[in-house]
Each structure stands twice: as C-alpha cells, then as structure tokens.
Asker: 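Structure in structure tokens, see below.
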There are 2 protein chains.
Amino acid sequence: MDKSASILSTALKLFVQYGFHGTPTSKIASEAGVSNGTLFHYFKTKDELVVALYSQTKEELNTYLFEKINQGEVFKDKFRNMFVYSLKWAVARPEEFFFLQQFHFSPHLALVPAEDIAKHSRQHTQLLEGAVQAGIFKNLPTELIATLAWSQINGMYEFLVKCDLCADKQEQIINDAFDLTWLMLVNQA
Amino acid sequence: MDKSASILSTALKLFVQYGFHGTPTSKIASEAGVSNGTLFHYFKTKDELVVALYSQTKEELNTYLFEKINQGEVFKDKFRNMFVYSLKWAVARPEEFFFLQQFHFSPHLALVPAEDIAKHSRQHTQLLEGAVQAGIFKNLPTELIATLAWSQINGMYEFLVKCDLCADKQEQIINDAFDLTWLMLVNQA
DNA sequence: ATATAAATTGACTAATCACTCTACAAAGCT
DNA sequence: AGCTTTGTAGAGTGATTAGTCAATTTATAT
C-alpha cells in the first residue's frame, strides 16, 4: 500500500468531515497508519498536501471525463457525456466531488497558480468554444456558457445527494436535467 | 458604533480572506477595535459567532429579496425579480455572497438546525411550488427547480465576479441569463 | 558485501489560539 | 446617593498543532 496515496485518501475523508483547519496533520497521519514524520516527508507542508489533493482529484475527474467526452461522435453526444458522466462521477464519489467545491470556496484556491486552473478547464472550454462558433450554442461568451453548464452540474449534484433516489430515478432525472440544459443553451433557429 | 455589529462585519471580511480557522478571534477583536474579552461577551464561542454571521447575512439577503419579489405582479415578474436582484445583491456585496457559499461548503453548516435552513428557503420554495402547480413551470420536483434556479444564480455570480463588466453590460447579461433560465424551466405548450 | 540513498519513526518544540478570569467602568434603577 | 446589571478590558492559561530532528530501518546501487 502506497503511503502517499494512503495519506491523501485519509486526508480527503477527514477534510470533508472536519474541514481543512479542523483536521490536524497528526490525525491524518495516524488514521492513514503512518507516522507524523512520514507525512511531512511526502508533503513539505499541510498546505502542500491540501493543494496536492486538489490537483490529483481534479485530474482524476478530468481524465475520466475526457475519455467519456471522446466517446461521443457529434457535439451533442460529447456535451451530454460531459454532463451525464460528471454527475455519475459525483454520485459515485461524493466525497471527492464535495471536496472540489469545498476547496474552491476556501482561501486555499489562491495557492493554486492561475495557469494550473486554466489548464484544468481548457479542454472543456475548447469544446464549448467550438460549439459557439459552429452556431450550435447561442452566441454568448464561452465563459458564460461554461459557467452555466457547470453550475447546472453542481446544482444537480446537490439535488441528487439531498434526495438519494434509486439508480433508475437518478438516471432519469439526470437525463431530464440534461435536456433542460441543452434547451437553454442551444441556438433555436 | 455597535460593537457587536463591528465584530460581525470584521469577522466577515477576515473569514472571506483567511477562512474560518485561519482567522483567530484575537485578530477579529483587534481589527474590530474591541478587546478579546468583549468578543466573547457577545459570542459565547467562535462557532457561535460564525453561525450568527451566517444567519444574519442570510436573513438580510432574504429580507431584501422578499421585498423585491413582492414588487412583481405576475409570477414571471416575481421570479425575474428574485433572479435579477439576487445577482444585484451578490455583485453589490460580493463578500457577503461569497461568505454564504463558503459557509455552505464548510462543516459549520452542520451547526445550523435543519429547521432554520428550511425556514430560510421556505418563501422561495413556496413561490416555485405554486408555479409548478399552476402549470407555469415544467412538472418537475420543486426541489429540483429550486436547486437549478439557485445554481444558475451562483454560476452567474461567479461569472460576473470573474469578468468584472461595466454596469450596462452586467445588466444586459443578467437579463439574458434570466431569459435562458426562464426558457429552461417554463412549460412549453 | 558495502556504501549510499531513501523511507520511516515518534518524541520534541515553539508558537498559536480559544477561551477564562479578575478588575474596573458605565448605565440604569430605586 | 447607593445598588445592580451590563459592558469592556487585557493579561493569563491550558490545550493543541504544524513542523523538526536525530536515530533507525529499508531499499538500491556498485
């Protein structure tokens, strides 16, 4: 068992439950089954651990999504996959998804270089950019379209977590929500 | 100058900048121009201060919104006012709005009784509920409609903060976004 | 086999922080 | 004027915590 990975996954669980500052490094170490010193061998500071956890989680989600997006043939399928599989990932790994948002609304976000953040969203932005230029989406700033699409996903995540529906209902309502989002953004000739 | 209010407004600024645990009570007190002991005279614990700040901020927003909503005659106007003035409030008081989200994704949320949270959203939920039953909105769970509407607002807030447009452009794009949201949720016969 | 490097430990430290306590001042009441 | 309540101050405290360090084990290379 990789100790670094063990530290990260333990930290994730504790951060979600107790918050960043509410979770002492000593507790992370002990629950991960390593010593205090080992934690600081892998991560120079606590902040570095937090940021590393964010980068890793974000990258996992992105890798997963990118694969799913590329399975789509036409744009609508790609976009649908992005929407639907973001939510499937979120529901399957609620702690990870929650952590991303928790991080986003914390001062730790400032510790991530702006370039890294841009990199994380570049693929998605490009996809949407193309759809705007092709006249599929309404002629609005790409940033706006991206933000609206993401907030739909975030909102749906919250709804799904709160309501805890069975898998069938969940699938159904995710599809409904996608149709709404599509309807909203698409260029109605 | 009311010391309690001074403590709250100082805490808000510091919490947004440094996070809850990253902000010592001693710093709140000194920057608010009161002594350490005075802070704990008004708020028994730091947690109580955080929660009080949340409740106050939420209530301020709600009171403001409720007034604006009631200025609408028909439902669409009420809903538009809710949407538009939420964003105007958010843009005018970005720290307060950010704080609400920061709080929402922190473990402090668990310290607020579920009843209080329900109370905060009851008025809005009822408004939307009515629109669903009247066949104005699509026949979807009210919770879902509420969540989607709120996430549109949150997304727009983020966009507006990021892009920092002039007032005219801002007004324009808020209206566009409302149209999109309306289009998405409304029952198309 | 030996030497060098990397991983691991856990006691330790220096600093921080939430909160207390005592003392005093101001305000309100009779 | 006395008395009580409330507000204010700020030094002090006990507990906690991020990060260090010297010592030991494990892995790697020659």
Side-chain angles (χ1 to χ4, degrees), chain A residues 1-57 95 99 102-103 105-113, chain B residues 1-57 95 99 102-103 105-113:
Chain A
M1 176 64 176
D2 185 354
K3 307 223 170 192
S4 170
S6 166
I7 291 168
L8 285 168
S9 76
T10 305
L12 177 81
K13 277 169 199 99
L14 293 173
F15 286 158
V16 166
Q17 189 169 5
Y18 303 108
F20 300 123
H21 291 267
T23 306
T25 52
S26 55
K27 193 170 184 181
I28 299 172
S30 69
E31 293 212 9
V34 303
S35 73
N36 232 324
T38 299
L39 188 150
F40 284 98
H41 173 70
Y42 285 104
F43 305 96
K44 276 200 280 289
T45 64
K46 188 183 180 181
D47 279 348
E48 193 180 299
L49 167 60
V50 174
V51 172
L53 184 55
Y54 172 76
S55 298
Q56 183 198 273
T57 309
E95 281 170 335
F99 170 78
Q102 183 185 24
F103 184 92
F105 288 107
S106 84
H108 287 90
L109 183 62
L111 300 178
V112 183
Chain B
M1 176 64 176
D2 184 353
K3 307 225 171 192
S4 170
S6 166
I7 291 167
L8 285 168
S9 76
T10 305
L12 177 80
K13 277 169 199 98
L14 293 173
F15 286 156
V16 166
Q17 189 169 5
Y18 303 109
F20 299 124
H21 290 268
T23 306
T25 52
S26 55
K27 193 169 183 181
I28 300 172
S30 69
E31 292 211 10
V34 304
S35 74
N36 234 324
T38 299
L39 187 149
F40 285 96
H41 173 71
Y42 286 104
F43 306 96
K44 275 200 282 288
T45 64
K46 188 183 180 182
D47 279 346
E48 193 179 299
L49 166 61
V50 174
V51 172
L53 184 56
Y54 173 75
S55 299
Q56 183 198 275
T57 308
E95 281 170 336
F99 170 78
Q102 183 184 23
F103 184 91
F105 288 107
S106 84
H108 286 90
L109 183 62
L111 300 178
V112 182

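Bear in mind the structure is a predicted one, so any value in this text is a computation, not a measurement. Atoms considered below: every heavy atom in the structure, side chains included; atoms not considered: hydrogens, waters and symmetry mates. To find a chain, count down the sequence lines: A is the first, B the second, and so on, and within it residues start at 1.
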Asker: Extract, from 5' to 3' on DNA chain C, the first and final nucleotides lying under 4.0 angstrom from some heavy atom of chain B.
Answerer: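 Answer, 5' to 3': dC17(C) to dT20(C).
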Asker: Rounded at 0.5 Å granularity, tell me how far NE2 in H108(A) sits from CG in D47(A).
Answerer: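 Interatomic distance, H108(A) NE2 to D47(A) CG, rounded to 0.5 Å: 4.0 Å.
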Asker: At their closest point, which heavy atom of L109(A) faces which heavy atom of F103(A), and how far apart are they?
Answerer: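 Between these two residues, the closest heavy atoms are CA-CE2, 3.7 Å.
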Asker: Taking five pairs at each end of the helix from dA1(C)-dT30(D) to dT30(C)-dA1(D), what angle separates the two helix axes (nearest 10°)?
Answerer: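 Roughly 20°, once rounded to the nearest ten degrees.
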Asker: Backbone N or O of Q17(B) within a donor-acceptor pair of the E95(B) side chain at under 3.5 Å?
Answerer: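 A pair under 3.5 Å: no.
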Asker: Would you be so kind as to tabulate the donor-acceptor pairs closer than 3.5 Å made by side chains of residues 19-34 of chain A, with sequence neighbours excluded?
Answerer:
{"from": "T23(A)", "atom 1": "OG1", "to": "L14(A)", "atom 2": "O", "distance (Å)": "3.2"}
{"from": "T23(A)", "atom 1": "OG1", "to": "G19(A)", "atom 2": "O", "distance (Å)": "2.7"}
{"from": "S30(A)", "atom 1": "OG", "to": "S26(A)", "atom 2": "O", "distance (Å)": "3.4"}
{"from": "S30(A)", "atom 1": "OG", "to": "K27(A)", "atom 2": "O", "distance (Å)": "3.3"}

Asker: How far does NZ of K46(B) sit from CG of L49(B), to the nearest 0.5 angstrom?
Answerer: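 K46(B) atom NZ to L49(B) atom CG measures 8.5 Å (nearest 0.5 Å).
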Asker: Which whole-number value in Å describes the distance from K44(B) NZ to dT6(D) P?
Answerer: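 Rounding to the nearest Å, NZ of K44(B) and P of dT6(D) are 13 Å apart.
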Asker: Mind listing the residues from residues 28-40 of chain A sitting with a heavy atom below 4.0 Å of DNA chain D? Number order is fine.
Answerer: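 By residue number: N36(A), F40(A).
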Asker: Tell me, which of residues 2-21 of chain B have any heavy atom that sits under 4.0 Å from an atom in DNA chain D?
Answerer: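 The answer is K3(B).
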Asker: What donor-acceptor contacts under 3.5 angstrom involve side-chain atoms of residues 36-45 of chain A, with partners at least two apart or in another chain?
Answerer:
{"from": "T38(A)", "atom 1": "OG1", "to": "S35(A)", "atom 2": "OG", "distance (Å)": "3.0"}
{"from": "T45(A)", "atom 1": "OG1", "to": "E48(A)", "atom 2": "N", "distance (Å)": "3.1"}

Asker: For a quick test of reading the model: is some side-chain N or O of Y42(B) closer than 4.0 Å to OP1 or OP2 of dT8(D)?
Answerer: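 Looking at the OP1 and OP2 atoms of dT8(D), one of them is under 4.0 Å from a side-chain N or O of Y42(B).
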Asker: Does any part of the side chain of F99(B), heavy atoms only, come nearer than 4.5 Å to the side chain of Y54(B), both counted from C-beta?
Answerer: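 They are in contact (side-chain heavy atoms under 4.5 Å apart), so the answer is yes.
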Asker: So, is H41(B) close to the dG7(D) phosphate, meaning a side-chain N or O under 4.0 Å from OP1 or OP2?
Answerer: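 Yes, because at least one side-chain N or O of H41(B) sits under 4.0 Å from OP1 or OP2 of dG7(D).
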